[in-house]
Participant: 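Take a look at the following structure, please.
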Amino acid sequence: MRIGRLEENPIITTNHVKPSRPDFKVVGVFNAGVAAINDEIVLLLRVAEMPVHVPGNSIAVPVLNEQDRTLEIKYLNKNDPRYNYEDSRVVKEQGRYAYLTSMSHLRVARSKDGVRFVIDEYPSLFPIDAEEAWGIEDPRITQLGNRYYITYSAVSPKGVAVRLAVTEDFRNFERLGLILPPENKDVAIFPGKIEGKYFMLHRPVPKSIGSPEMWIAESPDLMHWGNHRFLIGLREQSWDNGRIGGGAVPFLTKDGWLELYHGADVNDRYCMGAVLLDREDPGKVLARSRVPVLMPETDYEMNGFFGGVVFSCGALLMDQTVRMYYGAADEVMACADLSLADIYRTF
Ligand code: MAN
């Protein structure tokens, strides 16, 4: 097997995805969760959309109307001095997020070879209520028996919270509810109980004191989480000195749990790194990448909706190789095969 980025990259682009409504266009298909089911590889894609028709001098932002749960488009004046449009992902007002510029839903794509995907025509999970009014994002999929648990970011003016859903076939989904209040994201549940308990990685975003860093928590039932512990933090003068968070769902190797996490620097350049956690106590860190495992380099990683980003929500371990699916430049899906040996060399 050839190690490195797939030659077919990017494997899914916005042209491959049908908008959820005729007056919308797809601006990003990225940060997908991944699962192996029967003889197929399933990606649960984050699909970001924007209105097609935008009157001159304005920005159109899609939001879910909290009362009647229909989609509404708000028009903001580009010259309105209250708003700052410098970040393509968000509209800021006095330094805070006033709106997102796109709305995301989750959509299934299926493949026999893990490279060529057939994408569903319709959303699998679409924002449904006040806590999802600005969209749902960045799913991570954990298989437990024949059930696939999906954690995702529920974004609304109340903040970014974490919700849980479950499916057995990626056709019917059941929403189980909120597992972490705002602001938190980047949740990945470990694929199996450890010493009788479920574990998850999460990433709170402290507002007055502290930084966006990785924590770990335990649960008896996947819904109630406690015994929160700090896991790893930012490192000054490093590629991960801005914000870090869980990426792919951790998987077990003979050396312990391997987690591929994302780290951004203070200039919002997102790389992927690795952290090795103890098999019996995943709150114990055994090793961490000094240098990234993957950093934005190719054209599709450097240029796009938000350039300079590689961001994984899921990977599959195949013998000594890790097939990592990742969003590139917040716009397309890509894939890289990484050898365990190469990952360990970053420690
Ligand atoms: C960040 C980015 C965006 C995302 C918002 C809200 O700005 O990750 O892609 O839409 O947070 O979660």
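Start at 1 and go down the list; that is how both ligands and their atoms are numbered. For the numbers below, each heavy atom of this structure counts, side chains included, while hydrogens, waters and symmetry mates do not.
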Participant: Once you restrict to heavy atoms under 4.0 Å, what part of R46 touches ligand 1? Side chain, backbone, both or neither.
Facilitator: side chain
Participant: Closest non-hydrogen protein atom to atom 8 (O) of ligand 1, residue and atom name please, with distance?
Facilitator: K185 NZ, 3.6 Å
Participant: Answer whether the closest heavy-atom distance between the side chains of R175 and E132 falls below 4.5 Å.
Facilitator: yes
Participant: Hey, which atoms in ligand 1 end up nearer than 4.0 Å to a heavy atom of Y97?
Facilitator: 7 (O)
Participant: Quick one about T253 and Y344 (side-chain donor to acceptor, distance below 3.5 Å, no hydrogens or angles considered), yes or no?
Facilitator: yes
Participant: What part of D87 sits under 4.0 Å from ligand 1 if we count only heavy atoms: the side chain, the backbone, both or neither?
Facilitator: neither
Participant: Do the two ring centres, one from F190 and one from Y198, sit under 6.0 Å apart?
Facilitator: no
Participant: Relative to atom 5 (C) of ligand 1, which among E137, E183, R89 owns the nearest non-hydrogen atom?
Facilitator: E137
Participant: Using a 6.0 Å cut-off, check whether atom CZ of R116 has over 12 heavy atoms from anything other than its own residue.
Facilitator: no
Participant: Determine, for Y152 and R163, whether the Lys NZ or Arg CZ falls below 6.0 Å from the six-membered ring centre while staying within 45 degrees of the axis.
Facilitator: no
